[in-house]
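The structure presented is a predicted model; accordingly, all values stated were derived computationally and were not measured. Lettering of chains follows the sequences in order, A, B, ..., and the numbering in each one begins at 1.
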There are 2 protein chains.
Amino acid sequence: MTDDARGEPRRAGRPLESVLSRARITTAALALITIEGYGGFTMSSLARTLQVAPSALYNHVSSKHEVLQWLEDHVMTMVDVSGFGSEPWDVAVRRWAWSYRDVFARHAPLVPLVAVLPVTGAPETLRMYETIAAGLAGAGVPVESLIPAIVAVESFIFGSALDANAPADIFDTGDLADSSPTFTAAVLGQDRSTGERPADVAFRFGLEALLAAVAATRRGPDA
Amino acid sequence: MTDDARGEPRRAGRPLESVLSRARITTAALALITIEGYGGFTMSSLARTLQVAPSALYNHVSSKHEVLQWLEDHVMTMVDVSGFGSEPWDVAVRRWAWSYRDVFARHAPLVPLVAVLPVTGAPETLRMYETIAAGLAGAGVPVESLIPAIVAVESFIFGSALDANAPADIFDTGDLADSSPTFTAAVLGQDRSTGERPADVAFRFGLEALLAAVAATRRGPDA
DNA sequence: CATCCGAAATGACCGGTGGTCATTTCGCGA
DNA sequence: TCGCGAAATGACCACCGGTCATTTCGGATG
């Protein structure tokens with residue numbers, strides 16, 4: 001064959017003006033989900049939003065799962081990493097973690113995906129990881145502790161994001177209260193003096209615990 | 001009347017007295033999932049396993065979601081709480097937490113359900129909570145700290161169960177390595193001297209951090 | 001200008017899903 | 001003996017994600 005861009009990165013022929021693209025699909029998906037929720041998010045509804053036949057989507061996307069992966073990577077840009085570089089490391093981590101949890105509490109169905117999604121093909125997610133890793137490394141966390149620390153905090157965040165969607169009466173023991181006296185007492189004995197949601201209290205407790213453990217791994221700026 | 005001569009002589013005459021029941025459905029569901037995985041678990045396949053028409057299930061169950069909730073409660077009995085009452089509190093919690101994570105790593109699709117499932121109607125789950133609460137209370141954890149502590153540890157376990165299903169190369173930065181030097185170095189710099197899986201290293205790190213925080217809330221037996 | 005390439009959109013179509021419903025099948029108690 | 005009612009049935013539904021042969025049409029080529 002000649003060099004006329006058969007498989008060239010330069011598009012040989014660009015006949016139709018890209019009605020569909022990763023960015024457009026992702027944006028439309030996010031808009032649709034924000035309005036309708038994940039329950040109403042189907043390939044048909046997404047196509048309808050884009051003024052396109054459902055099957056046209058499959059010229060740009062290999063599966064619905066892939067759309068959700070794109071969406072996940074986009075959602076990750078909403079996580080607040082602004083503390084890194086401008087604040088003490090622990091303040092930055094707190095701001096990041098709370099924001100991270102809040103964002104994915106609003107997108108809980110994405111949690112099982114992001115937990116197993118390779119960073120390849122998720123550039124925004126990787127960008128966030130780089131920011132966190134650099135921030136922690138700069139704070140003196142040794143290289144070999146970086147990944148375990150990040151994964152542990154992240155796992156806690158994912159679980160907490162799911163938990164944040166639990167109904168308020170999740171621990172109502174109802175007519176089984178007799179068979180679980182200690183637990184029932186614990187539910188009743190929660191500190192309700194601050195107006196904080198129970199899920200937030202638990203999140204603070206766990207986050208501070210992890211923060212302390214990360215702090216304990218730190219080495220001074222010199223060797 | 002065309003239904004006999006089906007190999008099974010006692011096919012007919014079974015309509016009364018519990019051909020289907022919560023226990024039977026749950027057991028069959030677990031067996032089916034153990035063999036086929038969650039991908040192959042449908043109401044049709046479940047009904048086939050039970051030698052019953054799919055619609056017959058709906059006389060005993062209101063939705064597939066409910067079947068999964070029953071299953072979740074049953075799966076909870078596989079979590080090892082044997083340490084409570086026979087071992088020091090921290091040993092008991094460690095055994096429980098590792099077992100809890102392992103069980104739900106094998107049943108990851110149930111994690112988003114159990115995270116928001118009210119304990120009412122999940123008696124086995126409640127039994128476990130009671131055991132944990134009593135164990136911690138007996139160790140001196142004050143009542144008002146019980147729920148936050150349990151929820152925090154549980155959230156961490158759920159997130160870690162999802163994480164345990166991540167592919168080994170999840171952090172492979174590939175051709176984006178240049179743009180994420182610190183993170184890439186961290187991935188390469190993981191301590192591989194022990195043969196432990198990265199997910200296990202992270203889980204240990206987080207669990208010990210939470211354990212230390214729980215220990216810090218303890219009060220002496222008096223007061 | 002006439003031609004043709006090929007990426008992208010189309011719409012019919014597929015197998016399978018969870019779920020509903022009118023109907024039938026009996027064991028059992030009156 | 002007979003009818004009640006729990007339980008199983010099978011046809012049926014709307015909708016899902018996904019496939020495929022076909023059509024459209026902008027733009028590069030000569």
- For the residue pair A/Val61 and A/Met43, what are the closest heavy atoms and their distance? CG1-CE, 4.3 Å
- Query: Rounded to whole angstroms, how far apart are CD on B/Gln51 and P on D/dA7?
  - Reply: 19 Å
- Round to a whole Å and report the spacing from CG of A/Asn59 to C1' of D/dG18. 12 Å
- Message: Using only atom types and a distance under 3.5 Å, with no angle test, would you say the side chain of A/Thr120 pairs donor to acceptor with the backbone of B/Asp172?
- Response: yes
- Output every pair passing ring-ring contact (aromatic ring centres under 6.0 Å, His included) with a member in residues 27-57 of chain A, not counting sequence neighbours, ordered by first then second residue. A/Tyr38-A/His107
- Query: How many Å lie between CG on A/Leu57 and C1' on C/dA7, as a whole number?
  - Reply: 16 Å
- Message: Looking only at the side chain of A/Ala56 (C-beta and beyond, no hydrogens), which of the listed nucleotides D/dA8, C/dT10, C/dA8 gets closest?
- Response: C/dT10
- Between A/Asp200 and A/Arg101, does at least one N-O distance fall below 4.0 Å, as a salt bridge requires? yes
Under 3.5 Å between N/O atoms: give me all the protein pairs with nucleotides 18-20 of chain C, atom names plus distance.
unit_1, atom_1, unit_2, atom_2, d
C/dG18, OP1, B/Lys64, NZ, 2.6
C/dG18, OP2, B/Met43, N, 3.1
C/dG19, OP2, B/Tyr58, OH, 3.0
C/dG19, OP2, B/Lys64, N, 2.7

- Message: Taking the axis from the first five pairs and the axis from the last five, what angle separates them in the helix from C/dC1-D/dG30 to C/dA30-D/dT1, rounded to 10 degrees?
- Response: 20°
- Query: Salt bridge or not for B/Arg127 and B/Glu124, using N-O below 4.0 Å?
  - Reply: yes
- Query: How about B/Thr125 and B/Glu72: does a side-chain donor come under 3.5 Å of a side-chain acceptor?
  - Reply: yes
- Whole angstrom is fine here: how far is it from CZ in B/Arg48 over to C1' in D/dT9? 16 Å
- For B/Ser160 and B/Asp163, indicate whether the former's side chain and the latter's backbone hold a donor-acceptor pair under 3.5 Å. no
- Query: If we ignore angles and hydrogens, is there a donor and acceptor under 3.5 Å between the side chains of A/Ser180 and A/Thr173?
  - Reply: no
